[in-house]
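First comes the structure, then the notes that go with it.
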Amino acid sequence: MTVDPFARWHLTPVINASGTMTGIGASRVPDEVRATVDRILASFVDMDELQSRAGTIIARVTGAEAGCVASCSAAAMTQTVAACLTGANLAKIEAIPTVAGERRVLLPMGHMVNYGAPVDQAIRLAGAEVVPVGTAAACETWHLANALAEGAAAAMYVVSHHTVRENELPMDVFIGLCRDHDVPVIVDMASEYDLTGPIALGASAAIYSGHKFLSGVTSGIVAGTSDLIRATYLQHRGIGRTMKAGKESVVGAMAALEIWENRDHGAARRAEEARAALWMRELADIPGVALSLHADWTGNPITRVRIAITPQIAGFHAWELAGQLAARTPRIVVRDDLMERQELYLDPCNLTDEEAATVAAAIREEAERFRAQGDGCRESWSDTKRAREAAILAWSGKADAS
Ligand SMILES: *Cc1c(COP(=O)(O)O)cnc(C)c1O
């Protein structure tokens, strides 16, 4: 008998208008993936064989020599860095995070971001020393060349909306310089659709989350050179054990990749565009709210709706609207990383048409409520920031299931 976890454990349903956020469960996993995972969960399988088969699919899809699956992208980052420190030496693998020899891992300072946890911590966990390259808002070739000249075990390059976008080294320039110094480049592509770009440019490894746009089970997909992938996979005999990918993760990633290969991407795009169009229509005439279509920052084929709020006219701040939406049942989660600038974004990729209509109606309702009650523009950004930080610490291991 199937248990409905929402009813059984008093969980609040969530409508996801934010994209692929792991904090609310990343993606809606399609039936085909779930059925395949279900099949393996009831069986035994040789994990080495399974991972090797996964590598075949990853190689095919990414153009890399080989691949393997980690428990998530963060784990994949730690394990590929460890692989650059140990190679396929099992004694060194068991010694991590203590390791002799070159431990420097270069990371542009503008890429030293937080995807839910800090990028640099994923590197340090392997026992590596993070060497920031460039300054907070600029990285030039001379910064990288100088750091490379002092030696490095690896360099990490992050592609993400979280990073600084201007005045950074383009990926081809970064990889080219590192290759000139024989330093392997690991590219964090956790949330990116481009499965082939980094490998084509000569990256030694590219990392993707299986549970984000691929809509698989929580997993980290690593594509790369045969030697680096072998050394990465072998980390499961060391620190990889603390971040183990089970058979469900590996099979979930394999199924998701094959579905992605055969997916009608045009049809998916059109469905997403229809949802964005619905929002543009339904939210068009709210006072103090300006709408526009916004292409993804890093070039992913997603067009979101940007909601730019003029508080003096709208009667509320962006963070107040986001707060009201999140307090509803179902909870409505919008993209709020730029709310400090009075901007919210609606992402069409992870919700049904019906949910998209619910989101539009809810935003309209909340905006009207603020206007009618005049209780907006009360909470400052500082208040919000303090409250959000307090909420992190308020998590309790024994929730009141009221
Ligand atoms: C989501 C994300 C990660 C972490 O991915 P997980 O698979 O959830 O561990 C790392 N880097 C970037 C840029 C991300 O967007």
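Every number for a ligand or one of its atoms is a count from 1 in the order of the listing.
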>> If you measure every N or O of His211 against every N or O of ligand 1, does any of those distances drop under 3.5 Å?
In response: yes
>> Looking only at the side chains, is there a donor atom on one of Arg304 and Tyr345 sitting less than 3.5 Å from an acceptor on the other?
In response: no
> So is Lys212 actually on top of Tyr193's ring, under 6.0 Å and inside 45° of the axis?
Replying inline: no
>> Please list, in number order, the atoms of ligand 1 under 4.0 Å from a heavy atom of Asp188.
In response: 10 (C), 11 (N), 12 (C), 13 (C)
> Taking all atoms of both residues into account, what is the closest heavy-atom pair of Ala26 and Asn16, and its distance?
Replying inline: O-ND2, 4.3 Å
> What atoms of ligand 1 come closer than 4.0 angstrom to any heavy atom of Ser191?
Replying inline: 15 (O)
> Could an N or O of ligand 1 be found under 3.5 Å from any N or O of Ser209, whether backbone or side chain?
Replying inline: yes
> Does atom CZ of Arg241 have more than 12 heavy-atom neighbours from other groups under 6.0 Å away?
Replying inline: no
>> Evaluate Arg269 against Asp264 for salt bridge (charged side-chain N to carboxylate O under 4.0 Å, His left out), listing each step before the verdict.
In response: CA-CA 9 Å; Arg269 258 335 62 70; Asp264 183 347; over 6 Å; no
> Can you tell me the protein heavy atom closest to atom 4 (C) of ligand 1 and the distance?
Replying inline: Tyr115 CD1, 3.6 Å
> How close does the nearest protein non-hydrogen atom get to atom 15 (O) of ligand 1, and which residue and atom is it?
Replying inline: Lys212 NZ, 2.9 Å
> Can you list the atoms of ligand 1 that are under 4.0 Å from a heavy atom of Ser160?
Replying inline: 13 (C)
>> Geometry only, no angles: is Ser73 polar-contacting ligand 1 at N/O separations under 3.5 Å?
In response: yes
>> Below the 3.5 angstrom mark, is there an N/O of Thr22, backbone or side chain, next to an N/O of ligand 1?
In response: no
> When the aromatic ring centroids of Tyr208 and Trp260 are compared, is their separation below 6.0 Å?
Replying inline: no
> Would you say Ala74 has any N or O atom under 3.5 Å from an N or O of ligand 1, going by distance alone?
Replying inline: yes
> Would you call Glu150-Arg104 a salt bridge at under 4.0 Å N-O?
Replying inline: yes
